[in-house]
Amino acid sequence: AGDVRFEDVEFAYDSERPILRGISFEARPGQTIALVGPSGAGKSTISRLLFRFYEPTGGRILIDGQDIRQVTQTSLRAAIGMVPQDTVLFNDSILYNIRYGREGASDADVDTAAENAQIDAFIRSLPHGYDAAVGERGLKLSGGEKQRVAIARTMLKAPPILVLDEATSALDTFTEREIQSALERVSRGRTTIVIAHRLSTVVDADEILVLDKGVIVERGTHDALIERG
Ligand code: ADP
Ligand code: ADP
């Protein structure tokens with residue numbers, strides 16, 4: 001499981017102007033496909049189409065050979081996990097946030113996920129800063145820490161397909177490296193579509209698609225793209 005195929009996908013938010021044209025690629029089970037390109041190129045739109053937030057206006061999207069229009073929302077949600085760049089958290093403990101919607105997970109699973117995402121040190125804290133009601137438990141999570149909470153949630157969900165939106169923000173190098181390694185751990189063995197903001201973070205991708213104004217302008221492995229300039 002975990003085969004994702006886009007076949008000549010076209011999409012327009014309004015009838016005037018297509019945002020995506022001729023998008024074709026395949027991510028085989030366990031492979032990583034990276035989407036790179038300037039802001040506005042259409043990368044997020046591709047992930048929204050995969051989740052069926054919108055329908056393509058042309059072409060089709062298949063998961064394990066089945067047109068996603070024929071897949072129920074429940075199966076689609078189960079098949080695909082997302083680590084967004086900005087995660088919205090409930091004002092309850094990190095532990096609560098990790099467990100929410102993951103009621104089937106055992107305490108041991110939760111511990112392992114928290115360790116892998118490197119958030120075990122503050123799992124009992126609140127995410128949004130000092131809270132008079134609970135005193136010192138309050139903690140203000142940075143963007144990177146929130147992203148690691150999302151990574152822990154994804155580890156518990158263990159979907160065959162994963163969409164990662166890498167951080168763009170000015171993270172310090174140490175934090176960025178930590179997040180990068182947590183992202184690598186969560187994506188290992190899963191089909192991964194990564195919205196990458198730097199080529200340097202996707203050197204191991206099976207294929208990199210370079211998008212500009214809604215079309216794929218270049219594609220290939222990291223080394224092949226670098227060689228071509
Ligand atoms: P990227 O993720 O590469 O930055 P997006 O997929 O967010 O690009 O956007 C691609 C294009 O679609 C941009 O021109 C953007 O302005 C437009 N767009 C994005 N979301 C909407 C929307 N909800 N309605 C209309 N246009 C949109
Ligand atoms: P769920 O709890 O439904 O399994 P996940 O934990 O996998 O969801 O996803 C984390 C959050 O990201 C959810 O709130 C989900 O609605 C949201 N999300 C899913 N897909 C996208 C997307 N393409 N863009 C932005 N947010 C998304």
Side-chain angles (χ1 to χ4, degrees), residues 4-27 31-63 67-69 71 73 76-77 79-88 143-144 146-148 150-151 153-154 159 161-171 176 179-180 183-184 186-187 190-222 224-226 228-229:
V4 176
R5 207 156 79 208
F6 275 58
E7 287 183 354
D8 201 20
V9 169
E10 184 201 275
F11 178 69
Y13 283 102
D14 51 59
S15 51
E16 304 301 311
R17 186 176 57 110
I19 291 291
L20 294 172
R21 277 172 294 132
I23 303 297
S24 296
F25 66 87
E26 178 168 16
Q31 283 192 330
T32 296
I33 300 292
L35 307 176
V36 303
S39 170
K43 305 180 295 292
S44 312
T45 302
I46 288 177
S47 91
R48 288 178 206 134
L49 292 175
L50 180 62
F51 282 95
R52 254 188 102 191
F53 290 170
Y54 299 96
E55 300 281 336
T57 46
R60 49 182 202 153
I61 301 168
L62 307 151
I63 291 181
D67 192 315
I68 60 168
R69 280 171 288 208
V71 179
Q73 282 296 342
L76 205 57
R77 293 237 74 89
I80 313 170
M82 164 91 185
V83 179
Q85 215 182 101
D86 196 12
T87 298
V88 180
K146 280 195 260 180
Q147 201 179 23
R148 279 172 4 220
I151 291 171
R153 284 182 54 73
T154 304
I161 301 163
L162 195 55
V163 178
L164 303 181
D165 195 354
E166 278 190 347
T168 38
S169 45
L171 297 170
E176 195 189 324
I179 292 181
Q180 200 56 42
L183 289 175
E184 275 160 26
V186 71
S187 60
R190 307 181 199 292
T191 307
T192 305
I193 295 173
V194 50
I195 298 175
H197 299 281
R198 285 182 203 86
L199 269 184
S200 61
T201 61
V202 289
V203 285
D204 297 326
D206 293 286
E207 189 176 34
I208 297 171
L209 307 181
V210 183
L211 287 153
D212 192 18
K213 299 186 181 73
V215 299
I216 297 171
V217 291
E218 283 218 70
R219 63 198 304 161
T221 60
H222 179 266
L225 289 180
I226 294 292
R228 263 179 263 153

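For ligands, and for the atoms within them, numbers begin at 1 and follow the listed sequence. Here, residue 1 is the first one in the sequence, and each next residue gets the next number.
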Report task. Mind running side chain to side chain contact (heavy atoms under 4.5 Å, CB included) on L49 and L20 for me, showing each step along the way? Result -> CA-CA 11 Å; L49 292 175; L20 294 172; 3.7 Å; yes
Query raised in the report: Taking it one step at a time, do V202 and T32 satisfy side chain to side chain contact (heavy atoms under 4.5 Å, CB included)?
Result: CA-CA 9 Å; V202 289; T32 296; 5.7 Å; no
Query raised in the report: Taking L50 as the fixed residue, which of T45, V4, L76, V9 is the one that meets the side chain to side chain contact (heavy atoms under 4.5 Å, CB included) rule?
Result: V4
Closest protein heavy atom (residue, atom, distance) for [atom]:
| atom | result |
| --- | --- |
| atom 19 (C) of ligand 1 | Y13 CE1, 3.5 Å |
| atom 16 (O) of ligand 1 | R17 NH2, 5.0 Å |
| atom 9 (O) of ligand 1 | T45 OG1, 3.8 Å |

Query raised in the report: Do the side chain of D206 and the main chain of I33 share a donor and acceptor less than 3.5 angstrom apart?
Result: no
Report task. Have a look at G37, P18, G40 and point out the one with the heavy atom closest to atom 13 (C) of ligand 1. Result -> G40
Query raised in the report: Any idea which of S44, G42, S47 brings a heavy atom closest to atom 8 (O) of ligand 1?
Result: G42
Query - Which segment of I19 sits under 4.0 Å of ligand 1 when only heavy atoms are counted - result: side chain
Report task. Just do the side chain to side chain contact (heavy atoms under 4.5 Å, CB included) check on I63 and I80 with the steps written out, would you? Result -> CA-CA 10 Å; I63 291 181; I80 313 170; 4.0 Å; yes
Query raised in the report: Does some non-hydrogen atom of P38 fall short of 4.0 Å from ligand 1?
Result: yes
Query raised in the report: Relative to the ring of Y54, is the ring of F11 parallel (under 30°), tilted (30 to 60°) or perpendicular (over 60°)?
Result: tilted
Requested in this report: Could you list the atoms of ligand 1 found under 4.0 angstrom from a heavy atom of A41?
Outcome: 1 (P), 3 (O), 8 (O)
